[in-house]
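Here the structure comes first, spelled out in C-alpha cells, and everything after it is commentary.
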Amino acid sequence: MSDQNYITSFCSIKSSKVCINSHIDYSESSQVSSIDFLKSAYKHYQLAYPKFYKMDSLCKLALITSDLLLKTNKITENYNKEEIAIVIANSVSSLETDVEYQTTIDKNNYFPSPTVFVYTLPNILLGEIAIRNGIKGENTFFVFDKFDAGFMSSYINSLLNNSRAKCCITGWVDFYENKVESFLYTVEKQPGIMNIEHTSEQLTKLYTNQ
Amino acid sequence: MNQKLETYIAADNIISPLGFTTAENFEQLKKMQTGVQYFEQSELSPEPVFAAVIDSNKINSEFKKFPVKEEFTRLEKLVILSINNVLKQNPKIDITGKKTLIVLSTTKGNIDLLDTSIAQKFDKKRAYLWEAASAISRYFDNPNKPVVVSNACISGALAIIVGKRMLETEQYENVIVVGADILTHFVVSGFQSFKAVSSQIAKPYDASRDGISLGEACGTIVLTNNLSNLNQDSKIIVKAGASSNDANHISGPSRTGDGLFIAIEKTLTEANVNASEIDFISGHGTATLFNDEMESLAITDAHLENVPMNSLKSYFGHTLGAAGIIESIVGLQSMRENTLIGTYNFKELGVSKPINIIKQTTQQQINNCLKTAAGFSGCNVAVLFQKQ
C-alpha cells in the first residue's frame with residue numbers, strides 16, 4: 001500500500017465565518033461574540049442536537065465544525081466505526097472552562113458542579129464527536145503552542161500507513177479569550193476529488209488560507 | 001516505515017509518596033505499603049479526604065541539588081527531578097540532541113496557578129500546558145518542540161504509544177515520555193462534586209468499593225530504537241498499543257466494555273500475540289462502581305479473565321496524567337523481578353465477571369504484560385510490553 005495519504009475535506013470556523021472546503025459558507029458581522037456566532041451557526045445549519053446546549057464553548061466549536069465537515073463526505077458510512085480515528089490538538093487545552101470552574105470553588109462561594117468540571121479536560125471534545133457519530137477508533141488529544149503541520153501530518157500518516165486507522169478526523173480547535181478558531185479535516189488513503197496530498201507543506205498552505 | 005525497529009525501554013523513574021525512584025517504589029509495593037493517607041484538614045478539600053500526597057519539603061530539598069537559572073512550579077520540579085533521575089541511570093541518552101523528543105502527559109499541568117487566592121510567582125501563561133512543557137525542555141536544553149498529550153486518565157499509557165509511533169517515523173532515536181499531575185483543590189473538589197471520591201482508601205474491584213482515592217505522582221519512561229543506548233542486559237519492548245472511544249457518555253464508561261475491548265483486541269492483533277500468551281494485566285481499577293465493572297466485561301470478552309490482574313490505585317491513588325506511566329513502570333519492574341504486586345485493599349470480588357485479581361505479592365514468570373486504562377470522554381487504551 002502506498003505511504004501517500006490525502007486530505008479529502010476540510011472545514012474551519014474563525015472570525016464569525018464558516019468555511020467549507022475553502023468557500024465561505026456562512027458568516028456574520030465580526031461584531032458578534034464568538035459564542036453567539038456558534039449559536040446562530042447551530043441554528044442556521046439546523047443541526048438538531050440538543051446536547052449541544054449542555055457543552056462548553058470549546059466542545060460547541062468542535063461539534064459544529066465536525067458536523068459540517070462530516071456532511072461534506074461519506075466517511076461515517078464508508079468506514080467501519082472502529083477504523084475512524086479522531087486526533088485533535090489545540091493550544092489552550094480547556095482553559096476557558098478551567099477558569100470558570102475555578103470561580104466555583106472559591107472558599108466564600110463554593111458550589112462545584114460536575115457538569116462544569118467534566119469539561120475541564122480538552123479531550124472531552126473527542127468524546128463529543130465520537131458520541132455524535134458513533135466513532136470508536138483511535139483517540140488522541142495533543143497540545144502545542146500553535147498548529148503544528150509537521151507533527152500532525154507525520155503522526156496521522158503513521159496511523160494510516162501502519163493500519164491503525166483507515167481514515168482520520170483531525171485538526172485544531174481553540175477557544176479561549178481572543179483565541180477562537182477551528183480547522184478540522186479528513187485524511188484518507190484515496191485522493192478523492194480534491195487530490196491534496198497530506199504533507200506538512202500542503203497542510204500549512206491550507207491552514208494559512210483559512 | 002521500518003517495522004523492524006523495536007521500541008526498547010532504556011530507563012524509568014517513579015516519584016510518588018512511596019519514593020523517588022522506581023526501586024524505592026517497588027520495594028514499598030512488594031511489602032504492600034500504601035501511599036494513600038487520611039487528611040482531616042488540608043488545602044485539598046473542605047472535608048476530610050484520603051489522598052496520596054508527595055511531601056513538598058522532600059521535593060524542594062531534592063530539587064536544590066540541581067542548579068537552576070529560573071523558577072519552576074511544583075509540577076515542573078517533579079518532572080525535572082524524574083527526568084534527571086533517568087538521565088543519571090542511562091547517560092547514553094543525549095537529551096540535548098536533535099534525536100531526542102520529550103512527550104509530556106498531563107491532564108491539568110500547572111492548574112494550581114489559576115488559584116488567585118494564593119500569591120502566584122508565575123505569569124498566568126504558565127497555566128498553558130505547552131508553556132509548562134517548554135519550561136521543562138528549556139531546562140534540559142532539548143532542541144525539539146515538546147509534545148503534550150492531554151487525554152484524561154488514559155494520557156500516560158497513550159503517551160507511551162505516541163512515543164513508540166514517533167520512533168517508528170525514524171525522526172527520533174529516543175523519546176522521553178514523562179507523565180505528571182499534582183493534587184490540587186481544583187481536582188479534588190471536581191471529583192467530589194461527582195460523588196466519585198471514596199470515604200476510605202480505594203478498594204479496586206472489591207465488593208465494598210465506593211470510589212476513587214486521588215493522588216499525585218510523576219513517572220518517566222525512556223524509549224529508544226537504538227539497541228546500543230541500552231545499559232542493561234534485560235530487554236523489554238513496547239510491542240504494540242491502541243486507543244479507542246466507546247462513544248457512549250462523556251463522564252461514564254460504556255456499560256458493555258466494548259471500547260476497552262476494541263483497544264485490547266487491536267493491541268493483541270498488532271502484536272500478533274494471543275490472549276493465552278498474556279501473563280499479567282496492569283488494570284485501571286479506579287474503584288468506582290462503573291469503571292471496575294466495565295473492565296471486568298472487557299477483560300472477559302477478550303478471554304483474559306484468568307490472567308492475574310492488579311490495580312495500583314489503592315497505593316498511588318488515581319494520579320491522572322501520571323497514572324498510565326507509573327503503573328506501566330511498576331509492570332516493567334514486575335517483569336524484571338518476575339514479581340506480581342497484590343492489590344492493596346482488595347478482599348472480595350465485586351464485579352459481575354470472575355476476573356483474576358491478585359491479592360498478595362507473588363512470584364511468577366512474566367513475558368507479556370498488558371496495561372489498560374479508561375477515562376472521561378469514553379476513551380480507552382491498551383499497551384503491550386514484552387520481554388525480548
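Order of the sequence lines sets the chain letters (A, B, ...), proteins ahead of strands, with each chain counted from 1.
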With respect to chain B, which residue among [options] yields the maximal number of heavy-atom pairs within a distance under 4.5 Å?
| options | result |
| --- | --- |
| Thr120(A), Val92(A), Asp148(A), Thr115(A) | Thr120(A) |
| Ser93(A), Gly137(A), Gly134(A) | Gly137(A) |
| Asp98(A), Leu126(A), Leu121(A) | Asp98(A) |

Determine whether the aromatic ring centres of residues [Y] and [X] are separated by less than 6.0 angstrom.
| X | Y | result |
| --- | --- | --- |
| Tyr185(A) | Tyr6(A) | no |
| Tyr49(A) | Tyr42(A) | no |
| Phe117(A) | Phe191(B) | yes |

Leading residue by heavy atom contact count with chain A [cutoff under 4.5 Å; candidates [options]]:
| options | result |
| --- | --- |
| Cys379(B), Ala152(B), Gly378(B) | Ala152(B) |
| Val147(B), Leu129(B), Ile111(B) | Val147(B) |
| Asp246(B), Val149(B), Val162(B), Thr107(B) | Val162(B) |

Please classify the contact of [X] with chain B as side chain, backbone, both or neither, using a heavy-atom distance under 4.5 Å.
| X | value |
| --- | --- |
| Leu95(A) | side chain |
| Phe151(A) | side chain |
| Tyr110(A) | side chain |
| Leu159(A) | side chain |
| Thr140(A) | both |
| Ser94(A) | side chain |
| Ser91(A) | both |

Heavy-atom cut-off 4.5 Å, strictly under: side chain, backbone, both or neither for [X] against chain A?
| X | answer |
| --- | --- |
| Pro146(B) | backbone |
| Leu114(B) | both |
| Gln171(B) | side chain |
| Lys108(B) | side chain |
| Lys125(B) | neither |

Inset, instruction - Find out whether the Lys NZ or Arg CZ of Lys14(A) is both under 6.0 angstrom from the six-membered ring centre of Phe183(A) and within 45° of the ring's axis. - result: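 No, Lys14(A) does not sit over the ring of Phe183(A).
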Legend entry - Considering all heavy atoms, the nearest Phe10(A)-Leu69(A) contact: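 Taking every non-hydrogen atom into account, CA-CD1, 3.5 Å.
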Legend entry - Which atom of Asp181(B) lies closest to which atom of Leu320(B), heavy atoms considered: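 Closest approach of Asp181(B) to Leu320(B), heavy atoms only: OD2-CB, 3.5 Å.
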Inset, instruction - Sorted by first residue and then second, give each side-chain hydrogen bond (donor to acceptor under 3.5 Å, both in side chains) pair with at least one member in residues 199-209 of chain A; sequence neighbours left out. - result: Glu181(A)-Tyr207(A)
Inset, instruction - Identify the residues of residues 247-261 of chain B whose heavy atoms come closer than 4.5 Å to a heavy atom of chain A, ordered by number, or report 'none'. - result: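 At a heavy-atom separation under 4.5 Å, chain A is reached by Ala247(B), Asn248(B), His249(B), Ile250(B), Ser251(B), Asp258(B).
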Legend entry - Atom pair CD (Glu6(B)) and CG (Leu167(B)), whose distance is rounded to the nearest 0.5 Å: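 Taking CD in Glu6(B) and CG in Leu167(B), the distance rounds to 11.5 Å.
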